[in-house]
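This report refers to the structure that appears directly beneath it.
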Amino acid sequence: MLQRDYIEEIIERFVNAVMDPIRRALIDHDQVACESVEHQIAELMSLSPDTAMSLSPESLCTMMLLSGIGDSIAGYCCWSMLRLADAYEAMGKQDLADLRRAQAEAIGRDFMYDTSVTPAEFEALDQEIREQIGD
């Protein structure tokens with residue numbers, strides 16, 4: 001029970017911390033907002049953003065597994081990284097977009113998360129972004 005409460009708190013903090021930056025990254029093409037989301041993802045694994053975001057997809061999954069809460073955060077990380085990939089692609093940063101997409105797909109595969117699913121906490125944001133930038 002205590003561990004579940006702890007994980008729920010971590011997820012809630014993560015969701016609250018990335019909502020606005022994801023919005024700004026996709027709608028305003030804000031590079032700093034992308035970096036803010038990456039920082040939050042890295043923090044979930046107790047890694048520096050530079051280290052976490054430069055890992056190969058397989059190594060990133062290993063680090064998520066070692067964090068002890070990988071199963072609980074996989075969907076949130078996966079969805080956020082796919083949105084980062086979309087943002088980087090819109091900014092013309094195809095190499096970064098490809099890396100984030102590959103990392104997200106590896107998370108989905110390794111943690112058996114359907115990458116087409118939007119976590120409930122992000123559904124309203126996802127709809128807002130679609131309305132702003134189209135689908």
Side-chain angles (χ1 to χ4, degrees):
M1 179 72 143
L2 191 57
Q3 183 177 6
R4 188 185 70 184
D5 291 344
Y6 171 72
I7 291 171
E8 287 175 1
E9 182 180 327
I10 287 172
I11 291 169
E12 182 179 348
R13 278 188 292 174
F14 176 78
V15 168
N16 290 334
V18 301
M19 292 275 266
D20 185 57
I22 287 174
R23 180 182 297 108
R24 290 192 336 261
L26 287 161
I27 295 172
D28 301 331
H29 303 125
D30 184 335
Q31 171 72 35
V32 173
C34 289
E35 293 166 5
S36 177
V37 175
E38 292 170 347
H39 176 83
Q40 294 300 320
I41 292 169
E43 193 172 287
L44 287 174
M45 294 173 271
S46 300
L47 295 172
S48 75
D50 290 339
T51 300
M53 296 297 105
S54 66
L55 291 172
S56 71
E58 295 75 21
S59 295
L60 183 66
C61 289
T62 298
M63 295 309 293
M64 284 184 68
L65 186 63
L66 293 174
S67 75
I69 60 170
D71 288 334
S72 300
I73 62 171
Y76 302 94
C77 289
C78 186
W79 186 86
S80 298
M81 292 182 96
L82 287 171
R83 299 300 69 80
L84 285 173
D86 294 342
Y88 282 130
E89 195 167 66
M91 289 182 228
K93 298 180 179 205
Q94 195 61 49
D95 289 345
L96 272 175
D98 291 344
L99 177 59
R100 294 298 170 262
R101 198 168 313 283
Q103 289 168 323
E105 289 169 357
I107 292 168
R109 181 185 62 249
D110 287 8
F111 291 92
M112 294 182 282
Y113 177 76
D114 180 352
T115 58
S116 68
V117 172
T118 299
E121 295 88 343
F122 288 129
E123 286 177 352
L125 174 62
D126 192 53
Q127 182 62 35
E128 177 188 340
I129 291 168
R130 289 175 191 268
E131 289 171 2
Q132 290 285 322
I133 64 174
D135 192 35

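The model shown is predicted, which means the values in this text are computed figures rather than measured ones.
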Does I10 share a hydrophobic cluster with Y113, counting links as ILVMFWY side-chain heavy atoms below 4.5 Å and allowing steps through other members? no
Same apolar cluster (I L V M F W Y, side chains within < 4.5 Å links), V37/L99: no
To check you understand the geometry: which heavy-atom pair defines the closest contact between C34 and A87, and what is its length? SG-CB, 3.9 Å
Give every residue pair that meets the salt bridge (charged side-chain N to carboxylate O under 4.0 Å, His left out) criterion with at least one member in residues 69-90, sequence neighbours excluded. R83-D86, D86-R101, E89-R101
Could you walk me through whether L82 and C78 pass the side chain to side chain contact (heavy atoms under 4.5 Å, CB included) test, one step at a time? CA-CA 6 Å; L82 287 171; C78 186; 4.3 Å; yes
Nearest-0.5 Å distance that lies between atom CD in E105 and atom CZ in R109: 8.5 Å
Would you find more than 12 non-hydrogen atoms of other residues, nucleotides or ligands less than 6.0 Å from D95 atom CG? no
Would you check, one step at a time, whether the test side chain to side chain contact (heavy atoms under 4.5 Å, CB included) holds for Y76 with I11? CA-CA 8 Å; Y76 302 94; I11 291 169; 3.4 Å; yes
Do I22 and S80 make a side-chain contact, defined as non-hydrogen atoms from C-beta onward lying under 4.5 Å apart? yes
Distance-only donor-acceptor hits, side chain of residues 57-64, under 3.5 Å, sequence neighbours excluded:
residue, atom, partner, partner atom, Å
S59, OG, S56, OG, 3.0
T62, OG1, E58, O, 3.1

Working note: L65 + D110, criterion side chain to side chain contact (heavy atoms under 4.5 Å, CB included); need CA distance, chi angles, decisive distance, verdict. CA-CA 9 Å; L65 186 63; D110 287 8; over 6 Å; no
Please round to the nearest 0.5 Å and tell me the distance separating atom CE of M91 and atom CG of D28. 9.5 Å
Looking at every heavy atom in both A33 and D30, which two are closest together, and how far apart are they? N-OD1, 3.0 Å
On a heavy-atom basis, the closest approach of A74 and I107 is O-CG2, 3.6 Å
Pair E8-R4, salt bridge (charged side-chain N to carboxylate O under 4.0 Å, His left out): steps then yes or no: CA-CA 6 Å; E8 287 175 1; R4 188 185 70 184; 3.7 Å; yes
Where do I133 and L26 come nearest, in terms of heavy atoms and distance? CG2-O, 3.8 Å
Apply side chain to side chain contact (heavy atoms under 4.5 Å, CB included) to the pair E12 and V15, showing each step before the final yes or no. CA-CA 5 Å; E12 182 179 348; V15 168; 5.9 Å; no
Taking a hydrophobic cluster as the set of Ile, Leu, Val, Met, Phe, Trp and Tyr residues connected by side-chain heavy atoms closer than 4.5 Å, whether directly or through intermediates, do F111 and L66 fall within one such cluster? yes
Does the side chain of E35 pick up a donor-acceptor pair with the side chain of Q31 at under 3.5 Å? yes
Minimum-distance pair of heavy atoms, taken over all atoms of V117 and W79: O-CD1, 3.9 Å
Kindly compute the distance separating OG (S54) from CD (E38), expressed to the nearest 0.5 Å. 10.5 Å
As an exercise, state the distance from NE2 of H39 to CG of D50, rounded to the nearest 0.5 Å. 11.0 Å
Please report the closest heavy-atom contact between I7 and S72, naming both atoms and the distance. CG2-CB, 3.4 Å
Give, for atom CG of L84 and atom NZ of K93, the distance between the pair rounded to the nearest 0.5 Å. 12.0 Å
Can you tell me if Q103 and R100 form a side-chain donor-acceptor pair at under 3.5 Å? yes
